[in-house]
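Notes follow the structure.
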Amino acid sequence: EPARLAHGMVEKFVAPLPFIGDIARGLGQLTGLPEHALRLLSEERLLMVFPEGVRGTAKLFAERNSLVRFGTGFVRLALKARAPIVPLACVGAGNAVPTVANAVGLGRVFGLPYVPLTPYLLPLPLPARIDLHYGAPLVFPGDGNEEDEVVERHVAVVKAAIAALIEQGLRA
């Protein structure tokens, strides 16, 4: 209380993109910089981060319900801000753009990390049912200056919680 907009953190390449950067800003999304995240959290705003980063968007269709390596920055930010981490699984999003390959070279031409190639060639989203599954908030002790091994253990807990939510969502 009161209801709040969740601000998303997007990759740095999004902001300069024509149309897409404007849409992201209009929806309240910010470039994924630590200073943006800490400011929002210090104002008790909701912050949505994607710990897989761009790696998570590059998954092929067969990998759509799996998790790739998480970064550690989101845990350090949560610790610094003394903010809980609420695990979230987004089940079905991988069906919207059924990627069969990623064209890295073509992506570089457009200032992107890759361009997803689909069975219908265009990287346009299809209608897809997307279910969101939330877990219990996770709170870890510390101030963000912990050793890497400590932070990586916290990341593993978050990743395991999200993996369990994905399995729960697939069963449902």
Side-chain angles (χ1 to χ4, degrees), residues 1-59 66-91 93-94 96-97 99 102 104 107-116 123 125 130 132-166:
E1 292 295 332
R4 297 174 283 170
L5 172 70
H7 295 275
M9 299 271 86
V10 297
E11 293 286 340
K12 295 174 189 167
F13 71 85
V14 173
L17 292 175
F19 307 112
I20 295 173
D22 294 332
I23 291 170
R25 279 187 296 283
L27 292 172
Q29 312 309 298
L30 299 171
T31 302
L33 299 173
E35 54 268 25
H36 290 164
L38 286 172
R39 180 177 56 82
L40 288 170
L41 291 172
S42 72
E43 295 171 0
E44 296 188 10
R45 307 283 286 276
L46 296 180
L47 182 61
M48 182 172 45
V49 299
F50 299 90
E52 293 176 301
V54 75
R55 296 177 302 277
T57 66
K59 290 184 260 191
S66 66
L67 295 172
V68 297
R69 185 179 66 80
F70 280 25
T72 58
F74 77 102
V75 168
R76 288 197 186 278
L77 287 169
L79 291 170
K80 284 181 185 176
R82 303 209 187 293
I85 296 172
V86 179
L88 167 66
C90 186
V91 178
V97 182
T99 305
N102 291 308
V104 175
R108 287 193 184 122
V109 170
F110 295 106
L112 303 169
Y114 65 90
V115 171
I130 299 173
L132 302 178
H133 299 269
Y134 294 90
L138 302 172
V139 179
F140 300 105
D143 62 6
N145 294 312
E146 287 69 26
E147 296 291 325
D148 290 344
E149 298 80 28
V150 172
V151 173
E152 287 167 5
R153 283 196 300 273
H154 297 331
V155 169
V157 169
V158 175
K159 188 173 183 178
I162 294 171
L165 291 170
I166 291 171

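In what follows, every heavy atom counts, from backbone to side chain, and hydrogens, waters and symmetry copies are set aside.
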[X] to [Y] - nearest heavy-atom pair and separation:
X: K159; Y: V68; result: NZ-O, 3.3 Å
X: V14; Y: A24; result: CG1-CB, 4.0 Å
X: P123; Y: V115; result: CG-CG1, 4.1 Å
X: R76; Y: N145; result: NH1-C, 4.0 Å

| task | Only pairs at least two apart or in different chains count here, so list each salt bridge (charged side-chain N to carboxylate O under 4.0 Å, His left out) that has a residue in residues 20-32. | result | D22-R25
| Intermediate values then yes/no, side chain to side chain contact (heavy atoms under 4.5 Å, CB included), F70 and V75 | CA-CA 10 Å; F70 280 25; V75 168; over 6 Å; no
Gap separating the [atom1] atom of [X] from the [atom2] atom of [Y], nearest 0.5 angstrom:
X: M48; Y: L88; atom1: CE; atom2: CG; result: 8.0 Å
X: R55; Y: E11; atom1: CZ; atom2: CD; result: 8.5 Å
X: C90; Y: L165; atom1: SG; atom2: CG; result: 11.5 Å
X: L67; Y: I166; atom1: CG; atom2: CD1; result: 4.0 Å
X: T31; Y: F13; atom1: OG1; atom2: CZ; result: 10.5 Å
X: L30; Y: L47; atom1: CG; atom2: CG; result: 8.5 Å

| task | Assess whether side chain to side chain contact (heavy atoms under 4.5 Å, CB included) is satisfied between I20 and I23, documenting all intermediate values. | result | CA-CA 5 Å; I20 295 173; I23 291 170; 5.5 Å; no
| query | For L77, which residues count as a side-chain contact (heavy atoms from CB on, under 4.5 Å) partner, sequence neighbours excluded? | reply | P34, A37, L38
Pairing residues for [X] by the salt bridge (charged side-chain N to carboxylate O under 4.0 Å, His left out) criterion, not counting sequence neighbours:
X: R153; result: none
X: E52; result: K59
X: E43; result: R39, R45

For [X] and [Y], indicate whether the former's side chain and the latter's backbone hold a donor-acceptor pair under 3.5 Å.
X: N102; Y: Y114; value: no
X: E146; Y: D143; value: yes
X: Q29; Y: L27; value: yes

| message | Please check if the number of heavy atoms outside E35 that lie under 6.0 Å from its CD is greater than 12. | response |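 Counting neighbours around CD of E35, more than 12 heavy atoms of other residues, nucleotides or ligands fall under 6.0 Å, so yes.
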Identify each donor-acceptor pair in which a side-chain atom of residues 79-87 lies under 3.5 Å from a protein atom, sequence neighbours left out, and give them as a table.
unit_1 : atom_1 : unit_2 : atom_2 : d
R82    : NH1    : G142   : O      : 2.9

| query | Please walk me through it: do V155 and F74 pass side chain to side chain contact (heavy atoms under 4.5 Å, CB included)? | reply | CA-CA 9 Å; V155 169; F74 77 102; 4.0 Å; yes
| field | Steps toward side chain to side chain contact (heavy atoms under 4.5 Å, CB included) verdict (K12, L33) | value | CA-CA 8 Å; K12 295 174 189 167; L33 299 173; 3.5 Å; yes
